*Asks:* 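Next up is a structure, given as structure tokens.
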Amino acid sequence: IRTKRKGRPYTVAVDYKLRKDGATWRAFDVITDEVGLVANYRAQFRKIVKRDGFDGLLERMRKKSNASR
């Protein structure tokens, strides 16, 4: 992706991890700056579960889901 950062041209590589689902290919991860969304979410979820337990993670997700409606 070509964009601008602080008014200067900037290029960001975006990679996709794909899986074949029948005859269709589906993206299941997006990677930028060598960090995938799946790994990033996993790390965040792990921290929350460690601190607040699985119920705490679910409660946070419910609150965010309800706030976006």
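The shown structure was predicted, so the numbers you read here are calculated from the model rather than taken from an experiment. FYI, the numbering just counts along the sequence from 1. Note that these values count all heavy atoms, side chains included, but never hydrogens, waters or copies made by symmetry.
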*Asks:* If you count every heavy atom of other residues, nucleotides or ligands that lies below 6.0 Å from Tyr41 atom OH, does the total exceed 12?
*Replies:*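 Counting other residues, nucleotides and ligands, OH of Tyr41 stays at 12 neighbours or fewer.
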*Asks:* So, do Ile31 and Val14 sit near enough that their side-chain heavy atoms are less than 4.5 Å apart?
*Replies:*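 Heavy-atom side-chain distance check fails, nothing below 4.5 Å.
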*Asks:* Are Val30 and Val35 connected in the hydrophobic side-chain network, where two residues link if heavy atoms are under 4.5 Å apart?
*Replies:*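 Val30 and Val35: separate clusters.
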*Asks:* Quick one: pull up NZ in Lys17 and CZ in Phe28 and give me the separation to the nearest 0.5 Å.
*Replies:*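 Taking NZ in Lys17 and CZ in Phe28, the distance rounds to 5.5 Å.
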*Asks:* Going from CG on Asp15 to CD on Glu34, what distance comes out if it is rounded to the nearest 0.5 angstrom?
*Replies:*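 Nearest 0.5 Å value for the CG-CD distance: 9.5 Å.
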*Asks:* Asp29: what forms a side-chain hydrogen bond (donor to acceptor under 3.5 Å, both in side chains) with it, not counting sequence neighbours?
*Replies:*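 Expected list: none.
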*Asks:* Can you pull the side chain to side chain donor-acceptor pair (under 3.5 Å) pairs that have at least one residue in residues 46-66, sequence neighbours excluded?
*Replies:*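 Qualifying pairs: none.
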*Asks:* Among residues at least two apart in sequence or on other chains, which ones pass side-chain hydrogen bond (donor to acceptor under 3.5 Å, both in side chains) with Asp21?
*Replies:*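 Per chain and number, Asp21 pairs via side-chain hydrogen bond (donor to acceptor under 3.5 Å, both in side chains) with Arg26.
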*Asks:* Honestly curious: do Met61 and Ile48 fall in one hydrophobic cluster under the side-chain, below-4.5 Å linking rule?
*Replies:*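 Yes; tracing contacts between hydrophobic side chains, which count when under 4.5 Å, links both residues.
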*Asks:* Measuring from atom OG1 of Thr3 to atom OH of Tyr10, what distance do you get when rounded to the nearest 0.5 angstrom?
*Replies:*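 Between atom OG1 of Thr3 and atom OH of Tyr10 there are 9.5 Å.
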*Asks:* Could you grab the distance from atom OG1 of Thr11 to atom CZ of Arg5, nearest 0.5 Å is fine?
*Replies:*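 Between Thr11 OG1 and Arg5 CZ, I get 10.5 Å after rounding to 0.5 Å.
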*Asks:* Could you see if Val38 belongs to whatever hydrophobic cluster contains Trp25? Use Ile, Leu, Val, Met, Phe, Trp, Tyr and a side-chain cutoff under 4.5 Å.
*Replies:*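 Unlinked, Val38 and Trp25 end up in two clusters.
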